[in-house]
Amino acid sequence: MTAARSSGADAALRARVVAEARRWIGTPYVHQASCLGAGADCLGLVRGVWRSVIGPEPEATGPYSADWAEATGEDRLMAAAARHLVRLPVGEAAPGDVLLFRMRDGAAAKHVGILATEGLCPGRIIHAYSRHAVAESSLTDAWIRRIAGAFRFPAMRV
């Protein structure tokens with residue numbers, strides 16, 4: 001496959017990821033859920049987009065509490081992203097890429113969203129967070145400072 005053809009395929013897949021994530025907008029926040037229209041948390045949104053665009057999920061998530069990172073100190077979200085997604089420099093994140101966030105310096109990554117626009121600043125992410133539905137939000141400086149890593153779905157290579 002030529003580079004031009006490959007980048008066209010990547011652009012099409014990115015557009016599908018963003019379009020699918022946007023279909024989830026308005027889905028109520030439900031901890032551990034991943035069901036379009038019925039409920040999702042931030043990980044559930046990414047899992048649902050994966051199922052729709054990539055195929056079956058690569059592993060079961062298993063149960064997790066709202067305070068799992070504080071209780072265990074493990075960076076489980078980052079480890080799972082590294083197992084199943086392609087890590088890339090944060091500055092190279094593009095629409096359709098997955099961003100992980102640390103809510104405090106030195107803490108485990110505990111939030112995830114999908115970049116919806118070109119560039120981080122000004123940018124927009126699609127994510128779900130407690131007491132809110134899945135939404136598309138501005139990627140403010142406060143969010144940018146919390147980015148812990150950027151990843152690409154495996155079918156989209158750097």
Side-chain angles (χ1 to χ4, degrees), residues 10 13-14 16-18 20-25 27-36 38-117 119-121 123-137 139-158:
D10 284 351
L13 188 53
R14 287 178 186 293
R16 285 182 55 211
V17 167
V18 172
E20 179 61 22
R22 284 185 171 138
R23 279 186 357 109
W24 287 68
I25 291 174
T27 297
Y29 180 90
V30 177
H31 179 65
Q32 294 188 30
S34 182
C35 186
L36 176 64
D41 62 9
C42 62
L43 179 58
L45 168 65
V46 173
R47 291 173 49 222
V49 169
W50 177 292
R51 288 190 309 268
S52 179
V53 176
I54 305 297
E57 293 179 59
E59 72 179 64
T61 58
Y64 50 94
S65 65
D67 68 346
W68 63 267
E70 294 82 3
T72 67
E74 296 175 41
D75 211 342
R76 291 175 27 192
L77 189 58
M78 186 70 73
R83 280 193 305 276
H84 303 296
L85 302 171
V86 179
R87 184 184 276 280
L88 62 143
V90 171
E92 293 180 17
D97 288 339
V98 175
L99 300 176
L100 272 61
F101 300 88
R102 295 187 196 288
M103 302 318 283
R104 288 178 304 143
D105 287 342
K110 195 171 170 177
H111 188 64
V112 61
I114 295 173
L115 185 61
T117 57
L120 298 178
C121 187
R124 298 188 65 77
I125 57 169
I126 301 166
H127 61 142
Y129 54 104
S130 185
R131 297 182 298 280
H132 295 83
V134 174
E136 185 167 334
S137 304
L139 191 57
T140 63
D141 287 341
W143 279 115
I144 291 170
R145 282 192 304 272
R146 291 181 172 103
I147 295 174
F151 295 85
R152 191 157 283 162
F153 282 97
M156 298 185 294
R157 298 293 175 202
V158 177

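The figures here come from the full heavy-atom set of this structure, side chains too, leaving out hydrogens, waters and symmetry mates.
- Inter-residue side-chain proximity for Val98 and Val17 is flagged as unmet; no heavy-atom pair is nearer than 4.5 Å.
- By the 4.5 Å heavy-atom criterion applied to side chains, Arg83 and Pro58 are not counted as neighbours.
- Counting heavy atoms from C-beta outward, His127 and His132 have side chains that stay 4.5 Å or more apart.
- A heavy-atom distance below 4.5 Å is found between the side chains of Leu85 and Pro154.
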Start with the C-alpha distance between Arg23 and Ser52, add both sets of side-chain angles, then the distance that settles side chain to side chain donor-acceptor pair (under 3.5 Å), and finish with yes or no. CA-CA 11 Å; Arg23 279 186 357 109; Ser52 179; 5.2 Å; no
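- The SG atom of Cys42 sits 9.5 Å away from the CZ atom of Phe101 when rounded to the nearest 0.5 Å.
- Relative orientation of the Tyr129 and His111 rings is perpendicular, given thresholds of 30° and 60° on the angle between their planes.
- Applying the ring-ring contact (aromatic ring centres under 6.0 Å, His included) test to Trp50 and every residue at least two apart in sequence or in another chain returns Phe153.
- Among all heavy-atom pairs drawn from Gly149 and Met78, the shortest one is N-CE, 4.3 Å.
- Residues Asp75 and Arg102 are in side-chain contact: their nearest non-hydrogen atoms beyond the backbone lie under 4.5 Å apart.
- For Arg146, the side-chain hydrogen bond (donor to acceptor under 3.5 Å, both in side chains) criterion is met by no residue, not counting sequence neighbours.
- A 4.5 Å side-chain heavy-atom check between Trp24 and Ile114 finds every atom pair outside the cut-off.
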Let me see the working for Lys110 and Arg104 under side-chain contact (heavy atoms from CB on, under 4.5 Å), right down to the final yes or no. CA-CA 9 Å; Lys110 195 171 170 177; Arg104 288 178 304 143; over 6 Å; no
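- Inter-residue side-chain proximity for Asp97 and Phe151 is flagged as unmet; no heavy-atom pair is nearer than 4.5 Å.
- Val49 is not listed as a side-chain neighbour of Ile126, based on a closest heavy-atom distance of 4.5 Å or more.
- For the side-chain hydrogen bond (donor to acceptor under 3.5 Å, both in side chains) test, no residue two or more places apart in sequence or in another chain qualifies with Thr61.
- If you run side chain to side chain contact (heavy atoms under 4.5 Å, CB included) between Ile125 and each of Leu139, Thr140, Thr117, only Leu139 comes through.
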